[in-house]
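The structure appears right after this line, and notes come after that.
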Number of protein chains: 2
Amino acid sequence: MVVVTINAGEATDVDGYDKHAYEPFAVTVDLAVFTLRAGALHVLLVERGQEPYAGRWALPGGFVLPEESAETAARRELAEETGLTGSAGIHLEQLRTYSEPGRDPRMRVVSVAFTALLALPPGAPEPHGGGDAAQARWTPYDSAGPLAFDHDRILADARERVGAKFEYTCLATAFCPPEFTLGELQQVYETVWGTCLDRPNFRRKVLATPGFVEPAPTGAARLTGGRGKPAALYRAGTATALHPPLVRPATEGRPA
Amino acid sequence: MVVVTINAGEATDVDGYDKHAYEPFAVTVDLAVFTLRAGALHVLLVERGQEPYAGRWALPGGFVLPEESAETAARRELAEETGLTGSAGIHLEQLRTYSEPGRDPRMRVVSVAFTALLALPPGAPEPHGGGDAAQARWTPYDSAGPLAFDHDRILADARERVGAKFEYTCLATAFCPPEFTLGELQQVYETVWGTCLDRPNFRRKVLATPGFVEPAPTGAARLTGGRGKPAALYRAGTATALHPPLVRPATEGRPA
DNA sequence: GCAAAAGTGTTGTGCCTACACCCATGT
DNA sequence: ACATGGGTGTAGGCACAACACTTTTGC
C-alpha cells in the first residue's frame, strides 16, 4: 500500500495514484432537528426501510452530492424531510464529524452532523419522510429509543450542545414563532434546561440584553391561555451572543 | 445519475450501485497546532513542496487512512510533525469540517480540522516536517501570512475558538509545562487574549476553582527570572470546565 | 370576588474590580 | 537599598436572586 502518512501537505500525493484505486469514503450529513411540541423537546426521526437497522429509527440525513458543501446538503435534506418551504431562515449549525471506522457496517462513511432548531407553525405539515418505505415523525426526546448506527451518541451530543448554547447565545428565539411573549420564551428555556426560572428576573435579563428581543411593531398584546393579563409581543432581535450569559441554575425542580 | 437525495436513511442506496463508480471524496485532517514561544502565540506550519500552492505555507495534515478515525489520523499526524513522542497527553480537539467544493483544485477533499495545544519543553526538537521537500516551522500567529487552500480561514477559526474556550475551560494549562507558577499561567491568558489581568484577582479566581490547579507535590518553589520572590509550583488539576467563567475584559491595553 | 398570568419594585447578599500593602529574593 | 515578582487584605460597586406587590384579564 502506498504510504501517504509521511506527507506533509494536504493531499499532495493524490496526483500520483488512481483516485479510484482505493475503497472510497462516503460523506454524508446527519441532522438532529429539534422543535418544541406541547411543552416538550422533540426530535425529527425517520424509520429505516432497509438493512442494516431496518425498522429502526434514525436521524435524517443523506449523501453529500459532488457539487455540494456539507452545509448545502444539510439544508437540502432539512427542507426535504420537514416539508418546510422557507428553510432559509432556519438555524442550522455544524455539530461535529463522526468518522469512526465501522460506524456503518457496509462501507466507510464519514458523517458531518448538524443541529437544527425550528418552531413548528400551528398548521405545519407533518414530516413526510423522503420516499422509499421510510416514514418520518416528531418524537419526544426522552422517548427517542435506541437509534440506528451511532445516532444515539450524535443525538446526545446535539442535545447537550443546544442546552449549553442557550446560556450564551440568543438561540432560544429559534424555537419561538415570529412573534412571541416573554412567557413563551421563558418556557422555551425551562423546557430545554428542565429548570424553573424566576419570571421577573428572566424578564429583566432578556430586556437588558441589547438585540436579544425587540417589541413587535404592532403594539398588540396577546392572551396567553384565555386567563391572565395580555402579554406584550416581541420578535427576535439581531444579536447572536449573550453578554453576560444567562446562567442555568443548578438542577432543581422541574417547571410546573 | 442515480438520485440518492430522496433517501430517508443514511447511505441506504449504497448497496445498489458500484462504490467506485463516482468521483470519490478524499477525507483529510488539518491541524492548527498552537504553542507559546517567547511570550507569543505560535502555530505549526509546513511548506508545500508540490503544486498546487508549491512553496506556500499550510497547516499540517494528511489523509485519513482506511482503518483510522479522523481523531486517530490527527494524533498520528501531530506526532509525526512535532516529533514529540508522548503525544498521548496532548490536547486535541475537533474544530469543524470544511467541505466546500473547490477548496482543493485537484479533487473533492473534505477536511476535518483539529486544534491542538501543547507546551514546548525547553529542549524540544524542532519540527522536522514529514518527508518530501517540505519543511515544518513554528511561526508567530501574527506572521502566518497567506496560507494555501482555505487554511487562513481554518487558522482564524481555530484561533478564535482557543480564545473563547479559555473563558470557560481549564484549557490554559495545556500551554504550560507539567509544573508551573500562577504567574506563568497568567501570562498564558494575557498572551492569548492580548489583555492585562489583575494579578491578585487572577490568583484568587484560579485557586477558587476546584480542580483547575493543584499544588505540586514537591513543596518546591521556583525563581521566576532570577529576581523576585520564589513562586509556588502548581500542576494542572482534573477539572475541565470553569464555573464561573474567567471573563475576558473588553479589549484594553496590551500586557507589559 | 377569585384565579391566573403579566409586569414593576425593592432589598439583601455575594462576587468581583481596583488598589494598597507586605514578603522574599537578586543585584 | 532598591528593583522585581509573589502573595494577602480590603473597600466600593454592580449584579443578581428572592420575594412582595400591582395590573389586567376570564370565570
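So you know, we letter chains A, B, ... as the sequences are listed, proteins then strands, and number each from 1.
- By the ring-ring contact (aromatic ring centres under 6.0 Å, His included) test, B/Phe166 pairs with B/Tyr189, sequence neighbours left out.
- Under the 3.5 Å distance criterion, with hydrogens and angles disregarded, no donor-acceptor pair is assigned to the side chains of B/Asp30 and B/Tyr98.
- Using a 4.0 Å cut-off between charged side-chain N and carboxylate O, B/Arg76 and B/Glu80 make a salt bridge.
- With sequence neighbours excluded, no residue satisfies ring-ring contact (aromatic ring centres under 6.0 Å, His included) with B/Tyr168.
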Between the protein and nucleotides 7-10 of chain D, which nitrogen or oxygen pairs come in under 3.5 angstrom?
{"from": "D/dG7", "atom 1": "OP1", "to": "B/Ala232", "atom 2": "N", "distance (Å)": "2.9"}
{"from": "D/dG7", "atom 1": "OP2", "to": "B/Arg203", "atom 2": "NH1", "distance (Å)": "3.0"}
{"from": "D/dG7", "atom 1": "OP2", "to": "B/Arg203", "atom 2": "NH2", "distance (Å)": "3.4"}
{"from": "D/dG7", "atom 1": "O5'", "to": "B/Arg203", "atom 2": "NH2", "distance (Å)": "3.0"}
{"from": "D/dG7", "atom 1": "N7", "to": "B/Arg199", "atom 2": "NH1", "distance (Å)": "2.7"}
{"from": "D/dT8", "atom 1": "OP2", "to": "B/Arg203", "atom 2": "NE", "distance (Å)": "3.1"}
{"from": "D/dG9", "atom 1": "N7", "to": "B/Arg204", "atom 2": "NH1", "distance (Å)": "3.2"}
{"from": "D/dG9", "atom 1": "O6", "to": "B/Arg204", "atom 2": "NH2", "distance (Å)": "3.0"}
{"from": "D/dT10", "atom 1": "O4", "to": "B/Arg204", "atom 2": "NH2", "distance (Å)": "3.3"}

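- Between the P atom of D/dA15 and the NE2 atom of A/His243 lies a distance of 15 Å, rounded to the nearest Å.
- Between A/Leu197 atom CG and D/dA17 atom P there is a gap of 9 Å when expressed in whole angstrom units.
- We find that CZ of A/Arg248 is positioned 19 Å from C1' of D/dC16, with the value rounded to whole Å.
- The existence of a salt bridge linking A/Glu126 and A/Arg37 is confirmed by a sub-4.0 Å separation between a basic side-chain nitrogen and an acidic carboxylate oxygen.
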